[in-house]
2 protein chains.
Amino acid sequence: MRSAMLLTELDDSACLGVSRGDTPIACKDCGVYQLCLPPDGGEADGSILDQITKNRRIFKRGDYLFRLGHPFHSIYAIRSGSVKTYIWMDDGRVQVTGFHIAGELLGLNAINSKRYHCEARALETTSVCEIPFDQLEALVRSNLSIQYQILRIMSREMLQNQELILLLGKKNAEERLATYLIGLSRRLEQRHLSPCEFNLSMSRGDIGNYLGIAEETVCRVLSRFEEEELIELRRRYIRLRAPGRLAQIGGVAECAARESQVG
Amino acid sequence: MRSAMLLTELDDSACLGVSRGDTPIACKDCGVYQLCLPPDGGEADGSILDQITKNRRIFKRGDYLFRLGHPFHSIYAIRSGSVKTYIWMDDGRVQVTGFHIAGELLGLNAINSKRYHCEARALETTSVCEIPFDQLEALVRSNLSIQYQILRIMSREMLQNQELILLLGKKNAEERLATYLIGLSRRLEQRHLSPCEFNLSMSRGDIGNYLGIAEETVCRVLSRFEEEELIELRRRYIRLRAPGRLAQIGGVAECAARESQVG
DNA sequence: CGACCTGTTGAGCAGCCTCAACATAAGTGG
DNA sequence: CCACTTATGTTGAGGCTGCTCAACAGGTCG
């Protein structure tokens, strides 16, 4: 038996946006591909890109990609699988700071201090491209647009963190979970994966920790959602039956309405 | 009467780390200076730097530096004064995402989408350097180390956001306020300003909003801190009488113990 | 098969919010 | 300069959301 995976219900070749063979990630928005393709759609420097995409590693469930405080050497582009990142306080309280799926980059916030400032752990069998920072720097020097891509990626990550701050500061338990489900759904959709039917790779405890609520509250709210026929639930399998309604509950703007204006 | 300022108790020339005349910000860690000085300590390109630092603007209390959704054109380096940034939900709930003082950069998270994703408003009379993004890009092209500096700055901002996420997700009201006071104190200290005696430029409501607690709770906890002789309080004036104890309450590691290791 | 991990549901409790009244300071106009 | 309004801060009382503790169910693994 393989370990729990996002989207085990779907066929393998589509799973997490990675095709079977050695072909690159199919999604325009993904990891190294995203990093190495200039925004104008031209081709990046093939040799360096090839070199980087060959640095593949597999992590099994529970393996650490990197650990808090350790020296920064690489950033990681997830090819398939999923990863959680978290930090903690001296007394042992832990805060999950993010779940990361195919196409996302990890470790960028270590650039400043040259040390990882969170811990990254695989939630399931996960394939990544490891990109040594010196290689990345060389890449940047050889190709100005890549530097700009990195800025864009970091800028986007900062936006996501702001959304999380809004969630933690102002939303109640129902809104938090609705927001979470819709956010996950949209990320899957961006990767051309089924946005309304998937398997969670993280536990209820992880979800609750991330959202700043207790594991039990996660269960209760999800049960309520199921009662109200907003979702269908079987352990880690979930189907969104009313994504629009969930977005409404979560206070998440429709994609199109994102650029709403001020008075 | 001038409006409330951080540190009105101190003499003007030291106020917020800006000297009286046209001399640059005195603090090594500050805004444009930080942006334009390569990490090796050499001099940046004088002409472009000069050009940029001449783009000065003054904002009065309540003025907007930029507004949510508006097209991104500039980033802002604060020279003196202070600014709050915030976002909101459709139903009007607002989340303050940060308070920013001299030496900090605003607007970097708009790079990705070319639109500002938060609103920035002066808390008091505030002097900034406005840096048009095209000028910044030119600067980056002419000087590779500046690009790296921007990466560092963004990386650091991401760390601060992670700390806020930890606070919002896991700390109680007392811990939040203690963390807040210590954080502010340390930022002032970095700018060679009195770390234990200052005037807050933000209201109790703003503080509570930022920390995810009610205004009334802010008052109550601060009153309790005063009773316990941890602080001295007179409206917006505050003196930290036991910063070590506050750091302990807030679960904030001592600066020296920051690189604590994992097992 | 038993041990263990994860998830679910219930009961009681508490931290913080809400609402409200009031105090103090700041701003405004005569 | 004072009366008035407005903004901000403080304190109290009561209520609610979500937490804690606990028991148990279902799946997984050695």
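This is a predicted model, so every value here is computed, not measured. For the numbers below, each heavy atom of this structure counts, side chains included, while hydrogens, waters and symmetry mates do not. Numbers restart at 1 for each chain; the letters A, B, ... are given by sequence-line order, proteins then strands.
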Could you check which of [options] has an atom nearest any side-chain atom of [X]?
X: Ser203(A); options: dG18(D), dT8(D), dG7(C); answer: dG7(C)
X: Ile213(B); options: dG18(D), dC17(C), dT8(D); answer: dC17(C)
X: Arg235(B); options: dA25(C), dC17(C), dC21(D); answer: dA25(C)

Roughly how many Å is it from [atom1] in [X] to [atom2] in [N], rounded to a whole number?
X: Asn209(B); N: dC16(C); atom1: CG; atom2: C1'; result: 16 Å
X: Arg176(B); N: dC16(C); atom1: CZ; atom2: C1'; result: 10 Å
X: Glu216(A); N: dC24(D); atom1: CD; atom2: P; result: 16 Å
X: Arg234(B); N: dT10(D); atom1: CZ; atom2: P; result: 13 Å
X: Met202(A); N: dT6(C); atom1: CE; atom2: P; result: 14 Å
X: Leu167(A); N: dG18(D); atom1: CG; atom2: P; result: 12 Å
X: Arg204(A); N: dC5(C); atom1: CZ; atom2: P; result: 18 Å
X: Ile231(B); N: dT10(D); atom1: CD1; atom2: C1'; result: 14 Å

Whether Glu197(A) and Arg239(A) form a salt bridge (side-chain N of Lys/Arg under 4.0 Å from carboxylate O of Asp/Glu) is what I want to check.
no
Salt-bridge test for Glu229(A) and Arg245(A): reply yes if a basic N is under 4.0 Å from a carboxylate O, no otherwise.
no
Does the Arg176(B) side chain pair with the main chain of Lys171(B), one donor and one acceptor, at a distance under 3.5 Å?
yes
Got a donor-acceptor contact below 3.5 angstrom from the Gln190(A) side chain to the Arg187(A) backbone?
no
Using the ring of each side chain (for Trp, its six-membered ring), is Tyr76(A) parallel, tilted or perpendicular to Tyr116(A), with breaks at 30° and 60°?
tilted
Does Ser223(A) put a side-chain nitrogen or oxygen below 4.0 Å from OP1 or OP2 of dT9(C)?
yes
Return no unless some side-chain N or O of Thr217(A) is found under 4.0 Å from OP1 or OP2 of dG18(D).
no
Under 4.0 Å between any heavy atoms, over every strand shown, what does Gly208(A) touch: base, sugar-phosphate, or nothing? Just pick one.
nothing
Is there a donor on the side chain of Glu215(B) or the base of dC17(C) sitting less than 3.5 Å from an acceptor on the other?
no
N/O donor-acceptor pair, side chain Arg220(B) with base dG12(D), under 3.5 angstrom:
yes
